[in-house]
Q: 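Let me begin by handing over the structure; questions about it come next.
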Amino acid sequence: MGDLSTISTVNKQFENAGAETECFEESEWVQLDMKLIDWSYMDFSRTVQVTTTIHSIKEVIKKWHGGKIARLTVCKDTFSENNELRNENSTLKDIGIRGNANKEEAPVLTLMYDFKPDGCDNPDPILMY
């Protein structure tokens, strides 16, 4: 059995080897064009990694609208029940989205969304400000 300093040195070598491997792993990027149904004034885009979770995307949308959102529905490509992104723990990669290693050449993914403003009976987004 080796002494503690030898074990410590070997452990550090393994940790460093793992860090180097992660550095060489390419990140894939995708541009999200987020479109509020029925009101294009609030459309916006963000470029993110394909490892981004649906939860994180929903948080970005909530912040875009000042955090005043009670119920948010996000769909891929078109706004329909079949395209709804329900599992907030899934990443874009988990749902089959592939990106590009070059951030400037990221493919575009359209996300359609709708929400009910928090504490408001009228669903018109302009009235929440």
Q: What's the spacing between C75 SG and L111 CG if we round to 0.5 Å?
A: 9.0 Å

Q: Rounded to the nearest 0.5 Å, what separation is found between the CG atom of L32 and the CD1 atom of I61?
A: 8.5 Å

Q: Would you list the pairs meeting salt bridge (Lys or Arg N to Asp or Glu O under 4.0 Å) in which at least one residue belongs to residues 69-84, sequence neighbours left out?
A: E81-R86, E84-R86

Q: Please identify each residue that fulfils side chain to side chain donor-acceptor pair (under 3.5 Å) with D94, with sequence neighbours left out.
A: T91

Q: Among D33, I97, I95, V48, whose side chain to side chain contact (heavy atoms under 4.5 Å, CB included) with L109 holds?
A: I97

Q: If a pair satisfies salt bridge (Lys or Arg N to Asp or Glu O under 4.0 Å) and one of its residues is in residues 38-59, list it, with sequence neighbours excluded.
A: K58-E88, E59-K62

Q: Show every ring-ring contact (aromatic ring centres under 6.0 Å, His included) that has at least one partner inside residues 83-113, sequence neighbours left out.
A: H65-Y113

Q: Looking at OG1 of T47 and CG of N100, how far apart are the two atoms once the value is rounded to the nearest 0.5 Å?
A: 11.0 Å

Q: Once you round to the nearest 0.5 Å, how far does CG of L92 lie from CZ of R98?
A: 10.5 Å

Q: F79: which other cluster members, linking ILVMFWY side chains closer than 4.5 Å, directly or transitively?
A: I37, M112

Q: Between I57 and M34, is a side-chain contact (heavy atoms from CB on, under 4.5 Å) present by the stated rule, with each step listed?
A: CA-CA 10 Å; I57 293 167; M34 294 181 262; 4.1 Å; yes

Q: Between S45 and Q31, what is the shortest heavy-atom contact and its length?
A: OG-NE2, 3.7 Å

Q: Suppose we screen for side-chain contact (heavy atoms from CB on, under 4.5 Å). Which residues come up paired with Q49, at least two apart in sequence or across chains?
A: S27, W29, T51, T52

Q: Between CG of N83 and OG1 of T73, what distance do you get to the nearest 0.5 Å?
A: 12.5 Å

Q: Treat each ILVMFWY residue as a node, draw an edge where side-chain heavy atoms are under 4.5 Å apart, and state whether Y41 and V60 are in one component.
A: yes

Q: Of the non-hydrogen atoms in N89 and T53, which two are nearest, and what is the gap between them?
A: O-CG2, 4.0 Å

